[in-house]
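Structure first, commentary second.
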Amino acid sequence: MVFDTTAAIKKALIECTGLDEIPLADGGEHADLATTVAFSLAKVKKQAPVKIAQEIVEALKKNKELADLGVTIGAKGPYVNFVFGKAYVSAAVKAATQPGYGNFPPKETRIVLEHTSANPNGPLHVGHIRNSIIGDTLARAFRKAGYRLEVQYYVNDMGRQIAIVTWGFDHLEHEPLPGEKEDAHIARVYIAANREIDKDKERITKEVDELMELVEGGDPETVKKFRREVSRCLDGFAVTLKNLNVRHDRFVWESDFVRNGDTKRVIGKIEKLPQVTHEGTLLALDLAEFGFANKYVIRRSDGTSVYAARDLAFHTWKSTNFDRAIDVLGADHKLIGAQLQCTLKLLGVKPPEIVHFEFVSLPEGSMSTRAGKFVSADDLIEEVTKRAFEEVTTRRPELDEATRKSIAASVARAGIRYDIVKISPEKSTVFDWKEALDFERQSGPYIQYAHARACSILDKAGNFEQCYELETEQEIILAKKIAKFPEVIEKVVCELRPHLLATYAHELADTFNSFYHYEPVLKSEGKVRDRRLTLVKAVQNTLHEALETLGIDAIRTM
RNA sequence: GGGCGAGUGGCUUAGUCCGGAUAGAGCGUUAGCCUCCUAAGCUAAUGGUCGGGGGUUCAAAUCCCCCCUCGCCCGCCA
């Protein structure tokens, strides 16, 4: 409906002006849609923009299609404004009351989305979960937009970090503390191992190198040890991710691409590229012609593969099995991401699309697992949940403890996810406990609250006849906001920017809260009551869909 | 040094790709609103040289150039 009306207006404008492209924008408070086309015509026609705008309005008023759609056309100075008609509003509200509002028809395109993929050498921290939350929100939006999607976690199970962890378990005291989570335990051993390395760098580095060679060579005992520690760490991650409503469909192990020969095959292809450089066994690419100053190393002089080689194999595999590949990566991966894309292109393989996000740091500086300088996601979840529980207990003392705990868990997830997803990915942030624990108005719980409020009204209302003929200004404003939801989903997947959905959800909750205070619903009567209840149902359902897409529980009471 | 990203009221930020109508929010501060559908709410007030300087344009937070500040990257680590 939105698309129909917009398309009709565009078509009419093209016919009327003779231009191919019409600048169309949201009219804000003036209109639902507006064009500044009169400015661009002013030069050509050598007439004042105001006069041209009036002429366009006159011409469009004769357009039958726009008249049938009930579009009101007017000029304000040089701007030509369009206000959508009642038919548009009714259709939008009707659609919004249906389950699955905002879903697009299924598409054939198969997409693989990779996110989080943190090294399994310690718990996920507040920087990692920015990746998880951006990735998971995108995944949900893509599913809603009708794509066939597989979400993957790429497990770095043969990197130096893991070798250091394994060395630590071989040589250091490593009993878990009582109640200690697997990933936290591994971080402790990793940090301790690094401290040992600092004491006797030469000897231990040699031992770690040996472990890496053994694993690359497929030594069963070493492979088993690596896998065991990595799996334990991933078990820890699983708990964290589940607490954040983040889901992966598949965990892909890096070492598989060495063992199945894919890495060797991709290296074979690279050797045939004109950009290749050899220095003994060392194999690298010279990508200077594409603006990369440093050589891109593929194989070390000891014959082992580097991360880049395995990553090339992985992405070649993705490209043969999926139509599109999307990676969510931190800003520190910008250079290697670009090198990867460039090399894949040279190999004739479709490169992945990469969504980068900037860093989350601590007030005292960058986070480092190695140095033990990080705020773990588990600690964050625990503290925010505690805070949420206090809040629920204050507000709803009559509820039993289990219910309050459940609400607190959902509110905490909402607080954390929303706080992270609302910020555009290109903004670097500093983690702040005070802000994390503060449920300000521009928050996930605020949106959950608006939804719960709508649910409460509907619960009290009982049966009513759906009615889509809206009248008052507040009703129409709210309905038009509801109508925007499908466009937002489309924009999120098109621009790979999930924070647009966060902004929208907040605006919708805001608009509903204003409506709620101006227009009585349950106290109104007859048709007025019916149409307002219909509108509340539409808002409730739209908020529900928006929250679910944000990975936030749309709880019915709080 | 080079590359990438950011700089918007006291603080956090949307808008920048695709230039247009008084730059939107939230926090804070101040003043109101619960015999009335959930006050995690609502209504106001307060507060902005959109980092600085040039340029393009009828029109610049938005485009171009220069500069400043901050973050990230520039490994035979991952």
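Protein chains get the first letters and strands the later ones, always in sequence-line order, with residue 1 at the start of each.
- Residue Tyr446(A) places at least one side-chain N or O under 4.0 Å from the OP1 or OP2 atom of C42(B).
- Side-chain nitrogen and oxygen atoms of Ser366(A) include none within less than 4.0 Å of the OP1 or OP2 phosphate oxygen of G71(B).
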Would you list the atom pairs, donor with acceptor, under 3.5 Å between side chains in residues 40-50 of chain A and any protein atom, with sequence neighbours excluded?
unit_1: Ser40(A); atom_1: OG; unit_2: Val37(A); atom_2: O; d: 3.0

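- For Arg441(A) and G41(B), the shortest distance from a side-chain N or O to OP1 or OP2 is below 4.0 Å.
- Every pair passing side chain to side chain donor-acceptor pair (under 3.5 Å) that includes a residue from residues 446-462 of chain A is listed here, sequence neighbours excluded: Tyr446(A)-Asp510(A), Tyr446(A)-Asn513(A), His451(A)-Gln540(A), Arg453(A)-Asn513(A), Asp459(A)-Arg556(A).
- Of all the heavy atoms in Ala505(A) and Leu543(A), the pair that sits closest is O-CD2, 4.2 Å.
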Using a 4.0 Å cut-off on protein heavy atoms (strictly under), produce a 5'-to-3' string for nucleotides 1-9 of chain B with B for base contact, S for backbone-only sugar-phosphate contact, and - for none. ---SSSS--
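- Picking from A78(B), G41(B), A25(B) the nucleotide with the shortest atom distance to the side chain of Arg453(A) gives G41(B).
- Contact annotation for Asp510(A): backbone-only contact, meaning every heavy-atom pair under 4.0 Å involves sugar-phosphate atoms and none involves a base.
- Ser361(A) comes within 4.0 angstrom of nothing in the nucleic acid, heavy atoms only.
- Residues satisfying the side-chain contact (heavy atoms from CB on, under 4.5 Å) criterion with Glu210(A), sequence neighbours excluded, are Lys206(A).
- Residues satisfying the salt bridge (charged side-chain N to carboxylate O under 4.0 Å, His left out) criterion with Glu435(A), sequence neighbours excluded, are absent altogether.
- A distance of about 10 Å separates the C1' atoms of C50(B) and G7(B), rounded to the whole Å.
- Of the candidates U38(B), A25(B), A78(B), the closest approach to any side-chain atom of Ala452(A) belongs to U38(B).
- Among the nucleotides A21(B), C72(B), G41(B), the one closest to any side-chain atom of Ala331(A) is C72(B).
- Nearest to the side-chain atoms of Lys491(A) among the listed nucleotides U38(B), A21(B), C17(B) stands C17(B).
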N/O to N/O distances under 3.5 Å, protein versus nucleotides 61-65 of chain B:
none

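- Glu254(A) comes within 4.0 angstrom of the backbone, heavy atoms only, and of no base.
- Looking at the side chain of Arg497(A), the nearest of the listed nucleotides U13(B), A78(B), G15(B) is G15(B).
- Taking a 4.0 Å limit (strictly below) on heavy-atom distances, residues 283-298 of chain A reaches RNA chain B at Asn294(A), Val297(A).
- A donor-acceptor pair under 3.5 Å is absent between the side-chain atoms of Thr304(A) and the main chain of Arg300(A), judged by distance alone.
- Residue Met158(A) is out of contact with every strand shown, counting any heavy-atom pair closer than 4.0 Å.
- Remark: the Asn81(A) side chain and the A21(B) base include a donor-acceptor N/O pair separated by less than 3.5 Å.
- Scanning for side-chain contact (heavy atoms from CB on, under 4.5 Å) contacts around Thr72(A) gives Val83(A), with sequence neighbours left out.
- Within the nucleic acid shown, Val536(A) has no heavy atom closer than 4.0 Å to any nucleic acid atom.
- Every residue two or more places apart in sequence or in another chain that forms a side-chain contact (heavy atoms from CB on, under 4.5 Å) with Val528(A) is listed here: Ser524(A), Arg531(A), Arg532(A).
- Nearest-nucleotide mapping onto RNA chain B: of Ser301(A) and Thr429(A), the residue sitting toward the 5' end is Thr429(A).
- Contact between the side-chain N/O atoms of Tyr516(A) and the OP1/OP2 oxygens of A39(B) is found at a separation under 4.0 Å.
- Among the heavy atoms of the strands lying under 4.0 Å from Ile336(A) is at least one base atom, whether or not backbone atoms are also near.
- Note on Arg300(A): a side-chain N or O is less than 4.0 Å away from OP1 or OP2 of A78(B).
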Give RNA chain B the dot-bracket treatment, 5' to 3': Watson-Crick (N1-N3 with N6-O4 or O6-N4) or G-U (N1-O2, O6-N3) under 3.5 Å, [ ] crossing, | other strand. (((((((..((((......[...))))((((((.......))))))....(((((..]....))))))))))))....
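- Listed by first and then second residue, the ring-ring contact (aromatic ring centres under 6.0 Å, His included) pairs involving residues 423-444 of chain A are Phe431(A)-Trp433(A) (not counting sequence neighbours).
- Residue Gln339(A) is classed as having no contact, given no heavy-atom separation below 4.0 Å to the nucleic acid.
- The distance between atom CG of Asn513(A) and atom P of G26(B), rounded to the nearest whole Å, is 11 Å.
- Each of Val258(A), Ile298(A), Leu312(A) was evaluated against Thr263(A); a single residue qualifies, Val258(A), per the side chain to side chain contact (heavy atoms under 4.5 Å, CB included) test.
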Check nucleotides 43-48 of chain B against the protein and report each pair of N or O atoms closer than 3.5 Å, with its distance, or say if there are none.
unit_1: U43(B); atom_1: OP1; unit_2: Ser514(A); atom_2: OG; d: 3.4

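- Distances shown here put every side-chain N or O of His278(A) at or beyond 4.0 Å from the OP1 or OP2 atom of C76(B).
- Taking 90° from 0 as the syn/anti boundary, the base of C18(B) is oriented anti.
- A close approach under 4.0 Å does not occur between any side-chain nitrogen or oxygen of Arg532(A) and OP1 or OP2 of C37(B).
- Within the 4.0 angstrom heavy-atom criterion, no nucleotide atom of any strand lies near Asp157(A).
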